Amino acid sequence: MPVRTTSDDVKLVMAPGKDYDTRRSPSLTPFIRSASLIVDRLVKYGSDRSITVNSDEAVDIETWLSAHLYCMSDQTYASRSTDGASGSFHGQTAMRFEATKYGQTAMTIDPTGYLTILNKGRTTAPSIGWGGTAEGDRRTWDEINYPTP
């Protein structure tokens, strides 16, 4: 499936109203492609559960996820100092999508909950199933321990 968002849209959410990273102008293409793969799975996950993800939601989720993936590879400053040459960065990799405001926003937009599942480190949704026997196949304790010859 083709990507839904553009580099300009991703730059817009990352630096609204100003030029984004004019010194380096990194390509956002690999981050957009990766986000697109995640959104493809998210849409399928929703469809399998009768949850509709409309095209606007898919575009927005992909845009915010692309920004998140970029920031995780080139983390933004939480604080910095000029002459003292120090800095601290936003996010922790163990926080997954919660590590950036962009990932948090994508999770908020996601109507399926798929990103929340991924954020918890699971690749599938939790499920429950019956592990017992069918009613007609049940035996009493006496039937199990004292079988009739």
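Just so you know, these numbers use all the heavy atoms, side chains as well, and skip hydrogens, waters and symmetry mates. Please read all numbers here as calculations on a predicted model, not as lab measurements.
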message: Would you call the rings of Tyr70 and Phe31 parallel, tilted or perpendicular, taking 30° and 60° as the class edges?
response: perpendicular
Are [X] and [Y] close enough that some pair of their side-chain heavy atoms sits under 4.5 Å apart?
X: Leu28; Y: Ser66; value: no
X: Met14; Y: Cys71; value: yes
X: Val39; Y: Ser34; value: no
X: Phe97; Y: Leu65; value: yes

Can you tell me how far apart [atom1] ([X]) and [atom2] ([Y]) are? Round to the nearest 0.5 Å.
X: Met107; Y: Leu115; atom1: CE; atom2: CG; result: 7.0 Å
X: Asp110; Y: Asp60; atom1: CG; atom2: CG; result: 12.0 Å
X: Ile109; Y: Gln104; atom1: CD1; atom2: CD; result: 12.0 Å
X: Ile38; Y: Leu118; atom1: CD1; atom2: CG; result: 7.0 Å

- request: Assess whether side-chain contact (heavy atoms from CB on, under 4.5 Å) is satisfied between Ile32 and Glu62, documenting all intermediate values.
  value: CA-CA 7 Å; Ile32 292 171; Glu62 187 172 297; 4.1 Å; yes
Taking all heavy atoms of [X] and all of [Y], pick out the closest pair and write down the distance.
X: Arg41; Y: Tyr114; value: NE-OH, 3.5 Å
X: Arg96; Y: His68; value: O-CE1, 3.2 Å
X: Ile61; Y: Pro111; value: CD1-CD, 4.2 Å
X: Arg33; Y: Val3; value: CA-CG1, 4.2 Å

field: Set of residues satisfying side-chain contact (heavy atoms from CB on, under 4.5 Å) with respect to Thr108, sequence neighbours excluded
entry: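 Not a single residue meets the side-chain contact (heavy atoms from CB on, under 4.5 Å) criterion with Thr108.
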query: Which residues pass the side-chain contact (heavy atoms from CB on, under 4.5 Å) test with Val13, sequence neighbours left out?
result: Thr63, Trp64, Ala67
message: Looking at Thr29, is its backbone amide N or carbonyl O close enough to the side chain of Ser27 to form a donor-acceptor pair, meaning the two atoms are under 3.5 Å apart?
response: yes
- prompt: Got a donor-acceptor contact below 3.5 angstrom from the Ser47 side chain to the Val43 backbone?
  reply: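 A pair under 3.5 Å: no.
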message: With a 4.5 Å cut-off on side-chain heavy-atom distances among I, L, V, M, F, W and Y, is there a chain of contacts connecting Ile117 to Leu69?
response: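 Both belong to a single hydrophobic cluster.
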message: Could you check whether Thr6 and Asp8, counting side-chain N and O atoms only, form a donor-acceptor pair closer than 3.5 Å?
response: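 Short answer, no.
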- prompt: Does Lys44 pair with Asp40 as a salt bridge, N-O distance under 4.0 Å?
  reply: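 Salt bridge between Lys44 and Asp40, a charged N being under 4.0 Å from a carboxylate O: no.
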